[in-house]
Amino acid sequence: LKEENATLRSKINKLQILSETQADKMRKLEKKLEENKIKEEKETQDLEAMVQHVEQNLQLMTKRAVKAESSAAKLRQENAQLQVQLRNCKAENEALQLGQAGLATAKQNAEVALQHLLRVTTSSRASIRQLLSGAESLQLVADLLKSIDRISEVSEDGQ
């Protein structure tokens with residue numbers, strides 16, 4: 001009976017040691033799980049902040065693109081008006097040449113109109129380049145947002 005009792009005590013001691021070891025492992029795993037949860041929450045907050053920042057940038061770029069489009073439309077309209085003026089000046093110039101009266105004035109008017117037209121054309125080209133640059137920026141932001149969606153999907157699948 002004593003021998004059986006000693007054997008049972010030995011088994012109990014071994015089971016207690018095993019239980020303590022498992023409890024330690026469980027505490028470590030719980031601590032690690034908590035650390036992972038905190039890390040995941042921080043990553044989620046960082047991603048949300050980045051998405052919000054990207055959305056703000058997208059809104060800003062959209063506003064710039066709309067403004068550039070409006071400016072380009074105004075410049076195109078002004079360009080068309082100036083071309084009409086140029087044609088009128090050329091017609092007037094031709095009429096003056098036929099009549100041989102006021103030839104110098106007509107040439108001067110045509111030159112002034114031509115210079116103005118050239119300035120507007122140059123300005124229009126710069127605005128169109130800016131519009132194209134804004135469109136490229138918007139495409140870059142759209143691609144970035146697609147990438148963020150993929151990262152989110154991968155993170156959700158990995159859990």
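Each residue takes its place number in the sequence, starting with 1. Below, all heavy atoms of this structure are taken into account, side chains as well, without hydrogens, waters or symmetry copies. Since the structure is predicted, the reported quantities are computational estimates derived from the model, not experimental observations.
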Spell out, as yes or no, whether a donor-acceptor pair under 3.5 Å connects the side chain of [X] to the backbone of [Y].
X: Thr44; Y: Glu40; value: yes
X: Thr121; Y: Leu117; value: yes
X: Ser71; Y: Lys67; value: no

Does the side chain of [X] reach to within under 4.5 Å of the side chain of [Y], using non-hydrogen atoms?
X: Glu35; Y: Lys31; answer: yes
X: Gln85; Y: Leu82; answer: yes
X: Leu144; Y: Leu140; answer: no
X: Gln56; Y: Gln52; answer: yes

Separation of [Y] [atom2] from [X] [atom1] (nearest 0.5 Å):
X: Arg9; Y: Thr7; atom1: CZ; atom2: OG1; answer: 11.0 Å
X: His53; Y: Met50; atom1: NE2; atom2: CE; answer: 10.0 Å
X: Gln22; Y: Glu20; atom1: CD; atom2: CD; answer: 11.0 Å
X: Arg64; Y: Ser133; atom1: CZ; atom2: OG; answer: 9.5 Å
X: Leu58; Y: Ser137; atom1: CG; atom2: OG; answer: 10.5 Å
X: Asn57; Y: Thr62; atom1: CG; atom2: OG1; answer: 10.5 Å

Hydrophobic cluster identity match, [X] and [Y], side-chain contacts under 4.5 Å:
X: Leu47; Y: Val141; value: yes
X: Leu138; Y: Leu145; value: yes
X: Met61; Y: Val51; value: yes

Ion pair check, Lys42 and Asp46, cut-off under 4.0 Å:
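Judged by the 4.0 Å cut-off on N to carboxylate O distance, Lys42 and Asp46 do form a salt bridge.
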
Over all heavy atoms of both residues, which pair between Leu75 and Ser124 is shortest? Give the atoms and the distance, please.
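It is CB-OG, 3.3 Å.
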
Taking every non-hydrogen atom, the tightest pair across Leu86 and Ala110
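Leu86 and Ala110 have their closest heavy atoms at CD1-O, 4.3 Å.
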
The test is side chain to side chain contact (heavy atoms under 4.5 Å, CB included); show your working for Lys63 and Val66 and say whether it passes.
CA-CA 5 Å; Lys63 287 179 184 177; Val66 168; 5.8 Å; no

Show, in sequence, the C-alpha distance, side-chain angles and deciding distance for Glu34 and Glu30, and conclude whether the side chain to side chain contact (heavy atoms under 4.5 Å, CB included) test is met.
CA-CA 6 Å; Glu34 187 63 30; Glu30 286 174 346; over 6 Å; no

Val84 and Gln81: side chain to side chain contact (heavy atoms under 4.5 Å, CB included), yes or no, with the steps?
CA-CA 5 Å; Val84 168; Gln81 290 172 351; 5.7 Å; no

Give the intermediate values and the outcome of side chain to side chain contact (heavy atoms under 4.5 Å, CB included) for residues Lys74 and Glu69.
CA-CA 9 Å; Lys74 287 178 185 177; Glu69 286 176 14; over 6 Å; no

Just wondering, more than 12 heavy atoms not from Glu4 lying within 6.0 Å of its CD?
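12 or below, so no.
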
Does atom CD of Glu78 have more than 12 heavy-atom neighbours, drawn from other residues, nucleotides or ligands, at distances under 6.0 Å?
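Atom CD in Glu78 is crowded, with more than 12 foreign heavy atoms closer than 6.0 Å.
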
Please check if any side-chain donor atom of Glu55 sits under 3.5 Å from a side-chain acceptor atom of Gln59, or the reverse.
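No, because no side-chain N or O of Glu55 sits under 3.5 Å from a partner of the opposite role on Gln59.
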
